Asker: 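Structure in structure tokens, see below.
Note that ligands are numbered from 1 as they come in the structure, with each ligand's atoms numbered from 1 the same way. Everything quoted here is computed from the prediction, not taken from an experiment.
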Amino acid sequence: MAGLTPDQVQDARRGWAVDAKTRALLHVAERLVEARGRVQDDELAAARSAGWSDAELLEVVGHVALDIFTNYVDHVAETPIDFPIAPPLATALTPRGGAREARGGPPGWSGRGRPIGLPGGFPPGPGGGRIPAMTTTRAAELDWANLGFVYVKTPWRYQAEHRGGAWTGGELVEDAQLHIEEGATSLHYAQQCFEGLKAFRHPNGKAHLFRPSDNHLRMASSSARLLMPSPPESLFLRACLETVKANLEFVPPADSGASLYIRPLLIGVGDNLGLRAATRYIFRTFCSPVGPYFKGGLKAVKLRVTAIDRVAKSGTGAYKVGGNYAGGLMATQEAKQAGYDEALYLDPIEHRYLEEAGSANVFGILPPRTPGGPARLVTPESPSILPSITLKSVLTLAKEELGLEVERRRVSIDEVPSFAEMGCTGTAAVITPVGTVHHAGKDTVITDGVGPITRKLYDLLTGIQRGKLADARGWCVPCE
Ligand code: PLP
Ligand code: COI
């Protein structure tokens with residue numbers, strides 16, 4: 001494949017050195033990523049007649065998605081529609097008819113929210129059909145206010161499969177285990193990526209997902225980086241919504257402070273030995289009710305700068321792929337053993353600039369440039385940081401609601417002592433104040449509680465997520 005590199009895509013999207021051939025490709029890719037306007041057959045034909053293959057197009061879709069992410073350029077928000085791709089890519093979504101085998105559903109399901117546009121279910125498993133449910137916790141037994149970030153198994157998950165170049169299946173399943181080949185590329189070569197998003201019960205009693213299309217966009221970019229077919233937006237959203245709806249009793253009560261965490265997962269499966277991409281993929285979403293990621297909730301945490309690199313300079317840091325996390329387990333463990341909550345990474349070239357924490361992005365609050373001016377929120381810019389949807393939301397709120405000056409740039413570790421406040425952002429971490437940073441043998445204490453700006457950002461973000469504040473930007477998507 002001789003498509004475009006992520007850098008070429010970035011340059012081209014900014015209008016640099018774009019020839020007609022590249023423009024034809026980008027035009028279609030951008031439309032596909034935004035999934036807002038249907039791609040016309042003639043547009044696709046133009047890209048193809050310029051010599052681009054569908055595989056190259058898919059790859060560039062991933063790069064465009066990454067560019068949108070890393071540069072925090074919002075795409076136009078309209079009602080999500082089915083992923084509009086012409087054949088052969090469209091075979092992924094084309095209904096093939098054939099009634100789905102009649103089977104029971106989750107409580108109160110009655111066929112509502114049945115997969116649409118995707119062909120019938122998987123062939124029966126070894127038991128001749130339905131595999132018995134694994135032991136799950138009963139929702140009534142949960143102490144919502146005291147949940148941690150641990151896996152509480154719920155009865156239903158959603159699964160689809162990509163094989164023969166098309167998405168197939170797409171149904172709720174009870175079996176919490178995956179039955180995959182021992183030669184699966186996800187097991188040997190870490191050909192897998194995942195996402196994390198949350199559903200919140202609003203005061204009206206209804207469950208809402210927070211910015212799920214952004215998670216889809218990031219999965220599109222991660223999967224393209226690892227040569228995997230991304231689930232189209234329609235499938236991704238359907239999987240998340242169906243998972244929430246099927247496990248509705250596990251969405252914690254509105255006032256509990258807890259939420260339902262949804263984990264979408266895309267893995268290469270099938271028999272394989274050599275180093276190559278899989279020919280079959282499983283996309284699954286499962287969920288768990290969760291409380292705070294860091295013990296104690298909104299309480300300042302201590303980060304420890306590690307000598308370990310999370311990722312390489314031109315590696316996979318900007319993608320949510322499992323390999324990044326396996327490589328970071330040791331840094332997190334070392335931080336915890338030394339009495340800290342999480343590792344903090346520096347850039348892999350000079351070990352001088354802040355990257356991110358093991359499970360979240362970071363930001364600092366700097367005093368105003370001039371007396372009476374706005375405080376500044378600074379967050380590291382680097383090609384090897386995972387673009388956080390929570391941070392993206394925080395930057396918007398900081399700028400538009402609090403009137404802060406927002407800076408995205410390289411941030412030296414030497415700037416940390418000048419931070420008035422510091423925080424980390426993530427779906428699991430929400431906004432967690434950072435009280436202490438350990439570096440080069442000493443602790444820098446920033447705060448021992450929650451700083452006023454961090455508190456305001458936390459209240460704004462969680463107020464919107466939990467339906468207590470107006471959702472002016474359409475970030476909350478109702479599930480019911
Ligand atoms: N960075 C890393 C390494 C993460 O694992 C996460 C969590 O997803 C984030 C940042 C935050 O991203 P988001 O806010 O989209 O959850
Ligand atoms: C998330 O915040 O969604 C993550 O995936 C982080 C993970 C370490 C729990």
Asker: Between His179 and Asp175, do the side chains contain an N or O donor and an N or O acceptor separated by less than 3.5 Å?
Answerer: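 The criterion, which ignores hydrogens and geometry beyond distance, is satisfied for Asp175 and His179.
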
Asker: Considering non-hydrogen atoms only, spot the tightest contact between Gly268 and Thr185 and give its length.
Answerer: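 Looking at all heavy atoms of both residues, the closest pair is CA-OG1, 3.4 Å.
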
Asker: Tell me, which residues have any heavy atom less than 4.0 Å from some atom of ligand 1?
Answerer: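 If the criterion is a heavy atom under 4.0 Å, then ligand 1 touches Arg218, Arg310, Lys320, Tyr325, Glu356, Gly358, Ser359, Ala360, Asn361, Leu386, Ser388, Ile389, Thr390, Thr425, Gly426, Thr427.
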
Asker: With respect to Tyr293, determine whether any N or O atom, backbone or side chain, lies less than 3.5 Å from an N or O atom of ligand 2.
Answerer: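 No, Tyr293 has no N/O under 3.5 Å of an N/O on ligand 2.
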
Asker: Taking only heavy atoms of Thr427 into account, list the atoms of ligand 2 that are under 4.0 Å away from them.
Answerer: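 Heavy-atom distances to Thr427 below 4.0 Å select 2 (O), 3 (O).
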
Asker: Are the aromatic rings of Phe149 and Tyr261 close, with centres under 6.0 Å apart?
Answerer: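 Close enough - the centres of the two rings lie under 6.0 Å apart.
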
Asker: Before we go on, tell me: are the rings of Tyr340 and His438 under 6.0 Å apart, centre to centre?
Answerer: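 They qualify: ring centres under 6.0 Å apart.
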
Asker: Decide yes or no for Ile389 and Leu391: does some side-chain heavy atom of the first lie under 4.5 Å from some side-chain heavy atom of the second?
Answerer: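 Ile389 does not reach Leu391 side chain to side chain.
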
Asker: Using every non-hydrogen atom in the two residues, find where Val150 and Ser288 come nearest and quote the distance to one decimal.
Answerer: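 Closest heavy-atom pair between Val150 and Ser288: O-OG, 3.3 Å.
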
Asker: Between Glu249 and Arg138, does any NZ, NE, NH1 or NH2 come within less than 4.0 Å of an OD or OE carboxylate oxygen?
Answerer: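 Salt bridge between Arg138 and Glu249, a charged N being under 4.0 Å from a carboxylate O: no.
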
Asker: Taking the ring centre of each residue, are Tyr151 and Phe286 less than 6.0 Å apart?
Answerer: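 Centroid distance Tyr151-Phe286: below 6.0 Å, so yes.
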
Asker: For ligand 2, which atoms, with element, lie under 4.0 Å from some heavy atom of Gly196?
Answerer: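 The list of qualifying atoms is 3 (O).
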
Asker: For Ala428, is at least one N or O under 3.5 Å away from an N or O on ligand 2?
Answerer: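 Looking only at distances, the answer is yes, because the N/O contact criterion of under 3.5 Å is met.
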
Asker: Take every heavy atom of Glu195, measure it against each atom of ligand 2, and state whether any distance is under 4.0 Å.
Answerer: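 Checking ligand 2 against Glu195, which is what was asked, there is no heavy-atom contact under 4.0 Å.
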
Asker: Which atoms of ligand 2 are found less than 4.0 Å from any heavy atom of Ser359?
Answerer: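 Those qualifying, in numeric order: 8 (C).
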
